[in-house]
Amino acid sequence: MTSISGTEHFWGRWLPKLTPRSLAARVVALSTIWVIVTLIIIFSVIVALYRQTSERGFESLLSAHLFNLIGSVGVSANGSLTGSPDLGDLRFSEPQSGWYWSVEPLSRGLTGELRSLSMMGPIPSPTTAEVPFDVSFQRTYRTRGIAGEDLEVIENEFVLDTLNRVARFRVMGNRSELEAEIANFQWQLFTYLSLFGLGTIVINAAVILLGLRPLARVREALAKVREGTAQRLGGSFPSEIAPLANETNALIENNRRIVERSRTQVGNLAHSLKTPLAVLLNEARSMGDERGRIIAEQATAMQSQLEHYLQRARIAAQRDSVVYRTPLRPLLERMVRVMSKLNSGIDLTYAPPAAEVVFAGEGEDLEEIVGNLLENAIKWARGRVSVVVAPAARDAHPMFAIAIEDDGPGIPDEKAREALQRGKRLDETKPGTGLGLAIVSDLVREYGGTLELGRSSLGGLKAVVLLRSVQ
C-alpha cells in the first residue's frame with residue numbers, strides 16, 4: 001500500500017513543483033482564469049437568451065389567450081355581456097393561481113362583467129394616463145395579484161357589435177412563476193457549468209504539468225551532475241528542450257576541460273621547479289657555512305610557498321566544478337585508522353555523522369585539511385584526541401562541521417588568530433614549520449568554508465572546520 005509521503009514523493013519527482021514563481025504555476029493560473037472568465041461569459045449569454053426566449057413565449061401565450069377570450073364573448077339581446085370562454089388552461093379555474101381573465105363593459109347600454117373562476121377579487125390597473133393604449137387599443141403592464149404575486153397583464157378595448165359598444169378584455173399571467181422558472185434554470189446551468197469548469201481546470205492542470213514534465217527530468221539530470229553521479233545530462237528530451245540540454249552538456253564539458261588544463265599546468269609547473277629547488281637545497285647544504293644555511297632556509301621557504309600557491313591555484317580551478325564530490329565517512333574512517341596505528345599512545349575516537357555526508361570538493365584537499373588538523377592535535381595531545389562530524393547549515397546552504405579536539409595545553413584566545421599566520425610557531429620547542437594551520441585555513445577559505453579555533457572540553461585546542469556539502 002502506497003503511503004501519502006510516498007505519493008507526494010512520486011508526484012514531486014515526476015511533475016513540476018507549483019511554487020508561486022514556477023512556470024507551471026503561472027500557466028495553470030492563467031488557464032484557470034481563462035476558463036473561469038469564459039464560463040462566466042457563457043453563463044451570462046445563455047441566461048440572457050433563455051430569459052429573452054421565456055419572456056417572448058410568455059407574452060405570446062398571453063396574446064393568444066386574449067384573442068381567444070375576445071372571440072368567445074358577445075352581447076345578448078338585452079345588452080349584457082355573454083359567453084363561456086374556455087382558454088384551455090386549468091390554471092384559470094384554480095383560485096388565486098395567478099392566471100386570470102376578465103371582461104368589463106365600457107359603453108352605455110352594456111352591462112354585466114365576466115371573470116375567470118380563479119379571479120376571486122378585483123385586480124388594480126393603472127390609468128390610461130399612466131400606461132396609454134397603443135394604436136391597436138392594446139396595452140401591457142405589470143401589477144400585483146390577489147395573493148401578492150407579480151402579474152403581467154395584456155389588455156385590449158374591443159368593439160363588440162354594430163352599436164359600437166366597447167368592452168375591456170384583460171388576460172393576466174403569473175410573472176412570479178416565470179421568474180421562478182428562470183431562476184431554476186440559472187441554478188441548474190450554474191451547477192453544470194461549475195462541474196464542467198472544475199473538470200476542465202483539473203484536466204488543463206494535468207495536461208500542463210505533464211507537458212512540463214521534461215523540465216523536471218532536466219532538473220533531476222542536473223542534480224545528478226551536481227552530486228557527481230553523472231557526467232552529463234542523459235536521456236532524450238523534446239525538441240524544445242533538447243537544445244538547452246545540449247548547451248548545458250557542452251558547458252559541463254568545457255568546464256571539465258578547463259579544470260583538467262589547469263591541473264596539468266599546475267603539475268607541469270611543480271615538476272619544472274622541483275628539480276632546480278632540490279639542486280639549490282643540496283648545494284646549500286654542501287657549502288656548510290652561514291651562507292649555505294641562509295640559502296637552504298630560503299630555498300625551503302620557496303619550496304613551501306610554491307607548494308602552497310600551486311595548491312591554491314589547483315583548488316581555485318576546480319572549486320566551481322560540478323563533478324568533484326567526496327563521500328566523507330570512508331575517507332575519515334581510513335584516516336583515523338591510519339593515525340591510530342601510527343600513534344598507538346593516543347586514544348583517538350571518531351564520531352561519524354548519522355546520515356551520509358558528501359563533501360563538495362576533491363578528496364585530496366579534504367585529506368590535507370583533516371590530516372594537518374589531526375597531526376597538530378596528536379602532536380600537542382597528552383593522551384586523547386576526538387573527531388566529531390555533524391551536519392550544519394549556513395545561509396540556507398547545506399554544510400557539515402568537523403570538530404577535532406585534544407587534551408593538550410591549547411591556545412589562548414588572543415593567540416588563535418596568530419596561530420593561523422603562515423610560518424608562525426607559538427612553541428619553538430616542537431618540531432614543524434608553522435605552516436599546518438595556515439594551509440588548512442587557506443584550503444578551507446578557498447572552498448568557501450570557515451576554520452575556528454577555541455577551547456576544547458577535553459582541556460586543549462578545539463578546531464572546527466565548516467565546509468559545504470552536497471544535498
Side-chain angles (χ1 to χ4, degrees), residues 47-186:
V47 168
L49 292 176
Y50 182 81
R51 173 177 287 277
Q52 183 180 5
T53 303
S54 299
E55 289 180 346
R56 187 182 297 117
F58 187 77
E59 293 172 358
S60 298
L61 178 62
L62 291 180
S63 296
H65 286 324
L66 177 65
F67 293 143
N68 192 7
L69 179 63
I70 293 174
S72 302
V73 175
V75 180
S76 65
N78 59 1
S80 63
L81 295 174
T82 184
S84 300
D86 182 9
L87 304 185
D89 194 331
L90 293 178
R91 291 177 293 183
F92 288 107
S93 301
E94 299 175 1
Q96 299 182 1
S97 64
W99 291 83
Y100 316 110
W101 60 263
S102 67
V103 182
E104 303 170 1
L106 295 180
S107 301
R108 291 184 179 181
L110 187 63
T111 60
E113 181 179 349
L114 302 178
R115 292 183 178 181
S116 63
L117 295 177
S118 58
M119 189 172 175
M120 306 298 293
I123 295 177
S125 62
T127 63
T128 55
E130 296 173 339
V131 181
F133 287 93
D134 58 17
V135 294
S136 301
F137 297 99
Q138 183 173 304
R139 65 176 182 169
T140 302
Y141 55 87
R142 294 184 185 179
T143 186
R144 304 294 293 182
I146 299 173
E149 71 273 20
D150 290 330
L151 298 180
E152 183 161 339
V153 183
I154 183 169
E155 181 179 312
N156 188 283
E157 293 183 353
F158 193 77
V159 178
L160 296 177
D161 56 11
T162 57
L163 299 178
N164 293 326
R165 286 180 289 192
V166 179
R168 178 174 296 170
F169 294 81
R170 287 194 301 171
V171 176
M172 292 152 276
N174 195 338
R175 181 82 187 190
S176 298
E177 290 183 359
L178 176 64
E179 294 297 336
E181 182 180 348
I182 294 175
N184 182 60
F185 174 80
Q186 288 178 343

*Yes or no on side-chain contact (heavy atoms from CB on, under 4.5 Å) for Ser125 and Arg139, after CA distance, side-chain angles and deciding distance?*
CA-CA 11 Å; Ser125 62; Arg139 65 176 182 169; 4.3 Å; yes
*Applying side-chain contact (heavy atoms from CB on, under 4.5 Å), run through Asn156 and Phe67 and close with a yes or a no.*
CA-CA 9 Å; Asn156 188 283; Phe67 293 143; 5.7 Å; no
_Test log, rule side-chain contact (heavy atoms from CB on, under 4.5 Å), inputs Met172 and Ser102_ = CA-CA 9 Å; Met172 292 152 276; Ser102 67; 4.1 Å; yes
*Which is it for Asp150 and Arg144 under the salt bridge (Lys or Arg N to Asp or Glu O under 4.0 Å) test, yes or no, and what are the steps along the way?*
CA-CA 5 Å; Asp150 290 330; Arg144 304 294 293 182; 2.3 Å; yes
_Test log, rule side-chain contact (heavy atoms from CB on, under 4.5 Å), inputs Trp99 and Leu61_ = CA-CA 12 Å; Trp99 291 83; Leu61 178 62; 3.9 Å; yes
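Val103 places none of its side-chain heavy atoms less than 4.5 Å from the side chain of Phe158. Using a 4.5 Å heavy-atom cutoff, the side chains of Ile154 and Glu152 are not in contact. Residues Asp89 and His65 form a side-chain contact, since some pair of their non-hydrogen atoms from C-beta on lies under 4.5 Å apart.
Of the candidates Val153, Asn174, Ile146, Tyr100 forms a side chain to side chain contact (heavy atoms under 4.5 Å, CB included) with just one, namely Ile146. In summary, of the residues considered (Glu55, Glu181, Glu149), a salt bridge (Lys or Arg N to Asp or Glu O under 4.0 Å) with Arg175 occurs for Glu55 alone. The only option from Glu113, Glu104, Glu157 that meets the side chain to side chain donor-acceptor pair (under 3.5 Å) definition with Arg168 turns out to be Glu157.
Residue Gly83 comes nearest to Leu114 through the heavy atom pair O-CD1, 4.2 Å, listed as atom of the first residue, atom of the second, then distance. Nearest approach of Ala147 to Gln96, heavy atoms of both residues: CB-OE1, 4.1 Å.
When atom types are taken as modelled, the side chain of Glu130 and the backbone of Thr127 share a donor-acceptor pair closer than 3.5 angstrom. Between the Ser80 side chain and the Ser76 main chain, no donor and acceptor come within less than 3.5 Å of each other. Between the side chain of Arg165 and the main chain of Leu110, no donor-acceptor pair closer than 3.5 Å is present.
Ring planes of Phe185 and Tyr50: parallel class, angle under 30° (limits at 30 and 60°).
Counting non-hydrogen atoms of neighbouring residues, nucleotides and ligands closer than 6.0 angstrom, the CG atom of Leu90 reaches no more than 12 such neighbours. For Tyr141, the OH atom is densely surrounded, since the number of other residues' heavy atoms within 6.0 Å is greater than 12.
The distance from atom CZ of Arg170 to atom CD of Glu155, rounded to the nearest 0.5 Å, is 6.0 Å. The distance from the CG atom of Leu81 to the CG atom of Leu160 is 6.5 Å, given to the nearest 0.5 Å. Between atom CG of residue Leu151 and atom CD1 of residue Ile123 there is a gap of 5.5 Å, rounded to the nearest 0.5 Å. Note: Met120 CE to Ser97 OG = 11.0 Å, rounded to the nearest 0.5 Å. Separation of atoms OG (Ser93) and CG (Leu87) is listed at 9.0 Å; rounding is to 0.5 Å. In this structure, Gln186 CD and Asn184 CG are separated by 9.5 Å, a value rounded to the nearest 0.5 Å.
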